[in-house]
J.: 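I'd like to ask you about the structure that follows.
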Amino acid sequence: MAKIKYRFDPNTLTYKKINRTSRKNLLQALVFFSVSVLMAIAFNVFFTSNFTTPKEQRLQHKNESLEFKYDMLSRKISHVNEVLNKIEQRDDNLYRPIFELDPIPNQFREAGVGGVNRYNDLEKYSDSKTIISVARQLDKVKKKLYVQSRSFDAIKKEAENKEAMLAHIPAIQPIAIKDFGRISDYYGRRRDPFTGKIRMHHGMDFTGPVGTDIYATGDGVVVKAEFSAYGYGKEVVIDHGYGYKTIYAHLHQINVDKGDKVSRGEVIGTLGNTGRSTGPHLHYEVRKNNRPVDPFNYYFNDITADQYEKMIAVSARNRKPMD
Ligand SMILES: [Zn+2]
C-alpha cells in the first residue's frame with residue numbers, strides 16, 4: 001500500500017494531503033534505480049581494481065610461474081648453444097683439418113629455419129612474443145645440432161678411410177731387425193757393382209742369411225710372384241692401393257701367388273740371391289704412383305727416430321751395392 005504524504009500549511013495551520021501523480025512516482029523510481037546501478041558499477045570498479053578474487057590470484061600465480069619457466073628454458077637453450085659453439089669451433093679448427101676437410105661456413109651453421117609463417121600458430125597467445133622467441137632459439141639449436149652431427153658423420157667416414165689407408169700403406173721393414181745383417185745399400189745414385197758405372201738405386205738392400213723370412217710391409221694384393229726377366233730374380237710385387245706398390249727381389253723362395261690378398265707382417269717369401277745379385281740380400285722398393293720413392297720414409301711403424309738416424313749413419317759409412 002502506498003504511503004500517503006502530508007504537507008503543513010502555516011497559513012491555515014492544517015496538514016494538506018500531497019497529491020502525487022504516478023508520473024512523478026515513476027520518475028523518482030527511475031532516478032533511484034539509476035543511482036543504485038551507478039553506485040554498483042563504481043563499487044565493482046573500485047574492488048576489482050584494488051582487490052583480486054582467489055581465482056584471479058591463482059591465474060596470476062600460474063602466469064608468473066609460466067613466465068619463470070619460459071625464462072629458465074630460454075637460459076638453458078642459451079647454455080646449450082654456448083656448448084654447441086665450442087664443439088663447432090673444435091670441429092672447424094681441429095677435427096676437420098686433421099682429416100683435410102674444409103671448415104663448415106658460418107652462415108651455413110647459423111642459417112635460420114625456413115618459412116616466414118613458421119610461427120604464425122603461436123601469434124594468438126597473450127605472451128606470444130616470448131613463446132616465439134623461445135621457439136626460434138630451439139629451432140636454431142636444432143639446426144646447428146643437425147649440421148654438427150652431419151659433420152661428425154663425415155669425419156667418422158674419413159677416419160675409417162684413413163684407418164684402411166694406414167693399414168695398406170707400407171709402414172714396416174720387410175725383414176726383422178734381428179734377422180738382417182745390415183743395410184748394404186740405400187736409395188740414391190751410386191756405382192753399379194756389375195758395370196762400375198754411376199746408376200740410380202731405386203730401393204734398399206738388406207743383407208742376411210738365405211732363407212730369412214721376408215714380410216709384406218702393408219695390406220694389399222699380390223700382382224706379381226714369379227722369376228723376373230729384368231734381373232730382379234724371384235720377385236714379388238704387392239699392390240697396396242692408394243697408389244702404393246712394394247717390390248721384393250732376389251728371393252730364394254716365393255710363398256704367395258698372384259692374386260693373393262696379404263696383410264702387413266705376413267711372410268711372402270725368403271731372402272735369396274737370385275737374378276742380378278752379387279750375394280744373398282733383399283732388394284726392396286716402394287713405388288708411389290709407379291715412381292720409386294725412398295723406402296726409408298716408410299718404416300714409421302717399427303722404427304724410432306733414433307734407430308732411423310743410426311741406420312742412416314751406418315748405411316752411409318758402409319755402402320756396398322749388391323745389385
Ligand atoms: Zn738393391
Side-chain angles (χ1 to χ4, degrees), residues 58-172 217-221 238-245 261-265 288-289 293 297-298 300-301:
R58 276 201 306 277
L59 282 175
Q60 204 174 323
H61 280 152
K62 207 173 168 187
N63 215 10
E64 281 166 9
S65 152
L66 275 177
E67 269 174 32
F68 178 72
K69 280 177 185 164
Y70 263 112
D71 193 43
M72 288 284 288
L73 188 62
S74 175
R75 277 167 208 246
K76 279 183 185 166
I77 298 172
S78 294
H79 183 66
V80 169
N81 200 35
E82 274 171 36
V83 175
L84 194 48
N85 282 345
K86 282 181 187 159
I87 294 174
E88 287 172 349
Q89 276 189 9
R90 277 205 297 275
D91 189 37
D92 280 339
N93 298 311
L94 184 65
Y95 307 144
R96 294 181 72 86
I98 286 175
F99 295 102
E100 288 154 1
L101 293 167
D102 289 333
I104 295 176
N106 224 31
Q107 63 267 31
F108 186 65
R109 286 191 188 272
E110 300 284 341
V113 183
V116 230
N117 303 323
R118 191 177 170 82
Y119 306 106
N120 270 4
D121 283 354
L122 302 174
E123 294 279 7
K124 60 191 174 203
Y125 302 105
S126 59
D127 43 6
S128 55
K129 215 174 158 188
T130 317
I131 299 176
I132 289 174
S133 148
V134 169
R136 243 185 242 283
Q137 271 180 294
L138 256 181
D139 279 342
K140 215 170 167 185
V141 165
K142 260 158 63 183
K143 170 81 195 298
K144 286 172 89 169
L145 270 175
Y146 173 73
V147 172
Q148 189 53 55
S149 70
R150 290 299 301 268
S151 172
F152 281 149
D153 285 346
I155 288 176
K156 187 169 168 257
K157 206 175 149 203
E158 288 298 318
E160 283 163 0
N161 283 347
K162 273 252 157 56
E163 205 182 339
M165 185 177 159
L166 286 176
H168 283 79
I169 291 175
I172 61 170
T217 54
D219 294 3
V221 180
I238 299 174
D239 188 342
H240 302 278
Y242 307 96
Y244 284 98
K245 276 186 189 138
K261 272 192 173 179
V262 291
S263 303
R264 177 180 294 147
K288 176 81 199 288
N289 299 328
V293 291
N297 299 318
Y298 294 88
F300 36 81
N301 266 25

J.: K288: what forms a salt bridge (Lys or Arg N to Asp or Glu O under 4.0 Å) with it, not counting sequence neighbours?
T.: none

J.: Going from CD1 on I77 to CG on D139, what distance comes out if it is rounded to the nearest 0.5 angstrom?
T.: 9.5 Å

J.: Side-chain contact, heavy-atom cut-off 4.5 Å: E158 with I98?
T.: no

J.: Write out all pairs satisfying side-chain hydrogen bond (donor to acceptor under 3.5 Å, both in side chains) with one or both partners inside residues 80-93, taking only residues at least two apart or from two chains.
T.: N81-K144, N85-K144, R90-Y95, D91-R109, D91-Q148, D91-S151, D92-R109

J.: By the salt bridge (Lys or Arg N to Asp or Glu O under 4.0 Å) test, which pairs, at least two apart or in different chains, include something from residues 69-79?
T.: D71-R75

J.: Please list, one pair per line, the donor and acceptor atoms closer than 3.5 Å that link side chains of residues 127-134 to other protein atoms, with sequence neighbours excluded.
T.:
from, atom 1, to, atom 2, distance (Å)
S128, OG, Y125, O, 3.2

J.: For R136, what residues pass the side-chain hydrogen bond (donor to acceptor under 3.5 Å, both in side chains) criterion, not counting sequence neighbours?
T.: none

J.: Can you name the nearest heavy-atom pair linking V262 to I238, along with the distance?
T.: CG2-CD1, 3.8 Å

J.: According to ring-ring contact (aromatic ring centres under 6.0 Å, His included), who are the partners of Y242, at least two apart in sequence or on a separate chain?
T.: H168

J.: Sequence neighbours excluded, which residues qualify as side-chain contact (heavy atoms from CB on, under 4.5 Å) partners of D239?
T.: V223, K245

J.: List the residues meeting side-chain contact (heavy atoms from CB on, under 4.5 Å) with S78, not counting sequence neighbours, and say none if there are none.
T.: Q137

J.: Return yes when atom NZ of K162 has more than 12 non-hydrogen atoms of other residues, nucleotides or ligands closer than 6.0 Å, and no otherwise.
T.: yes

J.: side-chain contact (heavy atoms from CB on, under 4.5 Å) with E160: which residues, sequence neighbours excluded?
T.: K156

J.: Sequence neighbours left out, what passes side-chain contact (heavy atoms from CB on, under 4.5 Å) with K261? Give chain and number order.
T.: V221

J.: Kindly write out the residues that satisfy side-chain hydrogen bond (donor to acceptor under 3.5 Å, both in side chains) with Y146, not counting sequence neighbours, or none if the list is empty.
T.: R150

J.: Work out which heavy atom in H240 is nearest to a heavy atom in D219; give both atom names and the distance.
T.: ND1-O, 2.9 Å

J.: For a quick test of reading the model, state the closest non-hydrogen atom pair linking A167 to R264 and the distance between them.
T.: O-NH2, 3.2 Å

J.: Given side chain to side chain contact (heavy atoms under 4.5 Å, CB included), test K140 with E110 step by step and report yes or no.
T.: CA-CA 7 Å; K140 215 170 167 185; E110 300 284 341; 3.6 Å; yes

J.: Can you establish whether the number of heavy atoms outside E64 located under 6.0 Å from its atom CD is more than 12?
T.: yes

J.: Can you find a heavy atom in the side chain of R96 that is under 4.5 Å from one in the side chain of D102?
T.: no

J.: Please name all residues satisfying side-chain hydrogen bond (donor to acceptor under 3.5 Å, both in side chains) with N63, sequence neighbours left out, ordered by chain then number.
T.: none

